[in-house]
Amino acid sequence: MIFQRFVPVYLLLAISFPGLAQEKKPDPSDAFFKHPGSKMPIVEITTTKEAEESLKREPRKDVACDIKIGDIQLKKVAIHIKGAAGSTRAWTDRPGLTLNTEKLGEKQELHGLVKFHLNNGVQDGSYMNELIANDLALAMGLPACRCTHAAVVLNGRHVGPYVFKEGFNKDWLKRNFKNAKGNLYDGGFLQDIDANLKLDTGTPNDHADLKALANACREPDANKRYAKVSELVNVDLLCTNAALQIITADWDGYFRNRNNYRVYFEPKGKAVFIPHGMDQLWRNPHEGWPGWGSMVGRAILDHPEGKKLTIAKLKLAMEKHYNVAEMHKKIDMLVPRMKETLNATNNGNWAKSVENEANNFKNQLKQRYDHLSKEVPKFQ
């Protein structure tokens, strides 16, 4: 297959999918995600002793911290520990963190961002899955989060490299959709759309939009079910998302495992499922066509029309966006920065381990491409 250049997030232009923003204006946060230069940015986080003790007792409760990154210094930034069953770590270890620069006080930004995450990478020894997968998602026309790397220092303690990822909020919605006034729900941990999902942003409506979608999924007739769900969901983007999960062998996303997702109901539009938490990917390069474990996944992707569209999206992504050479090039650019950051932790074994994991990840990317190149033409 002829490769086209892998589209970086900062060059992604207008996407023709319904509901997504048609014009991308210059954004002050774009430059931060270009990975410029040879040195990884350092995020220095400082808390009081009282705040530190609070994070040890109640890790999900916001406390105040100060942030310094380069010449930028911010005061009174909200911070709490994040993570699910496999990734949560204590403050005294390498905690995953969510930060919000305006939640506790006046409006302030870090490189144009208000909310962002520092993911500890404990489930991805290469620290590359999230970056490559979100770049691929964006290149395929999906709304997704931009990522880069950052070295993190907690109260003077060098805790190593993290994946710096933009957070879901109204700013993120404005960058990805025409109308940011809709309801954005957090899928939580192993919950389908019939659960009491947390409303991240929007207007509380007793989950009326989610309930309507869940009821459509319960229609017993397969053809009527597909039609009803199609009226409420952006099927084009849904099948594109499913194609992404197939390419990445993502067993822990919404369609297969009811996990790691957001769903956005744009006013006067249709629901869009948004990929999230993509840090355990490409683990099974020889995986075939998956089963679908979610309500919406079964309603659309198990139907012949949904499967046909997903295969078409999969073929398109393989031809235009799954560019192994460009992915390898990006990884090779980032590994030296990663190793330099790890030198500050005085752990040479860690640096060598990250390099080995990155090389293994490159092999997985190539193996998956080779496998799909042979198998996708057989899908029907």
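A quick note: this is a predicted structure, and the numbers were derived from the prediction, not measured.
- A donor-acceptor contact shorter than 3.5 Å is absent between the side chain of N257 and the backbone of G293.
- Between the N176 side chain and the W172 main chain, a donor and an acceptor come within less than 3.5 Å of each other.
- Between E355 and K352 there is a salt bridge, since a side-chain N of the basic residue sits under 4.0 Å from a carboxylate O of the acidic one.
- Judged by distance alone, the side chains of H276 and K165 do bring a donor and an acceptor atom under 3.5 Å apart.
- Hydrophobic cluster membership differs between V114 and V43, with clusters built from Ile, Leu, Val, Met, Phe, Trp and Tyr side chains linked at under 4.5 angstrom.
- Q191 contributes a side-chain N or O that, together with a main-chain N or O of G187, makes up a donor-acceptor pair within less than 3.5 Å.
- With a 4.5 Å cut-off on side-chain heavy atoms, T203 and K181 do not count as touching.
- Under the 4.5 Å side-chain heavy-atom criterion for grouping Ile, Leu, Val, Met, Phe, Trp and Tyr, V376 is connected to W292 within one hydrophobic cluster.
- Shortest non-hydrogen contact noted between Q108 and L74 is OE1-CD2, 3.4 Å.
- With hydrogens and angles disregarded, no donor-acceptor distance shorter than 3.5 Å links the side chain of E219 to the backbone of K224.
- A centroid separation of less than 6.0 Å is found between the aromatic rings of H207 and Y185.
- Considering only heavy atoms from C-beta on, V153 stays 4.5 Å or farther from V159 through its side chain.
- A distance-only check finds no donor-acceptor pair linking the side chain of N360 to the backbone of N356 [under 3.5 Å].
- Annotation: side chain of L365 is in contact with side chain of H328 (closest heavy-atom distance under 4.5 Å).
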- For T47 and N155, what are the C-alpha separation, side-chain angles and deciding distance, and is it a side chain to side chain donor-acceptor pair (under 3.5 Å)? CA-CA 7 Å; T47 66; N155 286 336; 3.0 Å; yes
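- Ion pairing of K56 with E53 is present here, as a side-chain N (NZ or NE/NH1/NH2) and a carboxylate O approach within less than 4.0 Å.
- A distance-only check finds a donor-acceptor pair linking the side chain of D192 to the backbone of M295 [under 3.5 Å].
- Taking all atoms of both residues into account, the shortest heavy-atom contact from A216 to K228 is CB-CB, 3.9 Å.
- A heavy-atom distance below 4.5 Å is not found between the side chains of D66 and V77.
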- Steps toward side chain to side chain contact (heavy atoms under 4.5 Å, CB included) verdict (F361, I132): CA-CA 10 Å; F361 181 43; I132 297 298; 3.8 Å; yes
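- Between E166 and R175 a salt bridge is recorded (basic side-chain N to carboxylate O distance below 4.0 Å).
- More than 12 heavy atoms of other residues, nucleotides or ligands shown are found within 6.0 angstrom of CG on D221.
- Separating the CD atom in Q280 from the OG1 atom in T248 is a distance of 11.5 Å, to the nearest 0.5 Å.
- The shortest non-hydrogen separation linking E130 to C147 is CG-SG, 3.6 Å.
- Judged by a 6.0 Å distance limit and a 45° cone about the ring axis, R368 is not positioned over the six-membered ring of Y322.
- The shortest distance between side-chain heavy atoms of R256 and S294 does not fall below 4.5 Å.
- Side-chain atoms of K174 never come within 3.5 Å of backbone atoms of N179 as a donor-acceptor pair (strictly under, hydrogens ignored).
- From T310, atom OG1 reaches atom CD of Q245 across 10.5 Å, with rounding to the nearest 0.5 Å.
- Considering all non-hydrogen atoms of both residues, A144 and P275 come closest at CB-CG, 4.5 Å.
- H80 places no side-chain N or O within 3.5 Å of a backbone atom of D62 that could act as its donor or acceptor partner.
- Classification of D332 and K362 as a salt-bridged pair holds, one side-chain N sitting under 4.0 Å from a carboxylate O.
- In this structure, a donor-acceptor pair under 3.5 Å is present between the side chains of R146 and S29.
- Salt bridge K366/D370: present, at least one basic N to carboxylate O contact under 4.0 Å.
- Between L210 and V263 there is a side-chain heavy-atom pair separated by less than 4.5 Å.
- Side-chain heavy atoms closer than 4.5 Å link hydrophobic residues (I, L, V, M, F, W, Y) into clusters, and following such links, even through other members, never connects I246 to L316.
- Side chain to side chain, H303 and N223 meet the donor-acceptor criterion of an N or O pair below 3.5 Å.
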- Please report the C-alpha distance between L142 and I274 in whole Å, then the side-chain angles of each, then the deciding distance to 0.1 Å, and finally whether the side chain to side chain contact (heavy atoms under 4.5 Å, CB included) criterion is met. CA-CA 7 Å; L142 291 167; I274 301 159; over 6 Å; no
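- L232 and V272 fall within the same hydrophobic cluster, where Ile, Leu, Val, Met, Phe, Trp and Tyr residues are linked whenever their side-chain heavy atoms come under 4.5 Å apart, directly or through other members.
- In terms of heavy atoms, F273 sits closest to N241 at O-ND2, 3.0 Å.
- In this structure, F32 has its ring center closer than 6.0 angstrom to the ring center of F164.
- Without hydrogens or angle criteria, D250 side chain to L281 main chain gives no donor-acceptor distance under 3.5 Å.
- Inter-residue side-chain proximity for V354 and S126 is flagged as unmet; no heavy-atom pair is nearer than 4.5 Å.
- Checking side-chain atoms of N260 against main-chain N and O of D252 turns up a donor-acceptor pair under 3.5 Å.
- When the shell of 6.0 Å around NZ of K68 is examined, it contains more than 12 heavy atoms from other residues, nucleotides or ligands.
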- Quick one: do I247 and Y369 satisfy side chain to side chain contact (heavy atoms under 4.5 Å, CB included)? Show the steps, please. CA-CA 8 Å; I247 286 174; Y369 178 85; over 6 Å; no
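- Counting non-hydrogen atoms of other residues, nucleotides and ligands closer than 6.0 Å to NZ of K49 gives a total of 12 or fewer.
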- Task: Take R218 and D194 through the side chain to side chain contact (heavy atoms under 4.5 Å, CB included) test and state the conclusion after the steps.
- Result: CA-CA 11 Å; R218 295 188 182 105; D194 57 346; 3.5 Å; yes
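- Under 4.0 Å is where a charged nitrogen must lie from a carboxylate oxygen, and between E340 and R337 no such pair does.
- Residues L238 and F379 share a hydrophobic cluster, clusters being chains of Ile/Leu/Val/Met/Phe/Trp/Tyr side chains in contact below 4.5 Å.
- A cation-pi arrangement is found for K307 relative to W289, the charged atom lying closer than 6.0 Å to the ring centre and inside a 45° cone about the ring normal.
- Ion pairing between a basic and an acidic side chain is recognised when a charged N comes within 4.0 Å of a carboxylate O; K115 and D171 show no such pairing.
- Considering only heavy atoms from C-beta on, Y127 stays 4.5 Å or farther from N119 through its side chain.
- When ring centroids are compared, H111 and F116 stay outside the 6.0 Å threshold.
- Between A133 and L244, the shortest heavy-atom distance links the atoms O-CD1, 4.3 Å.
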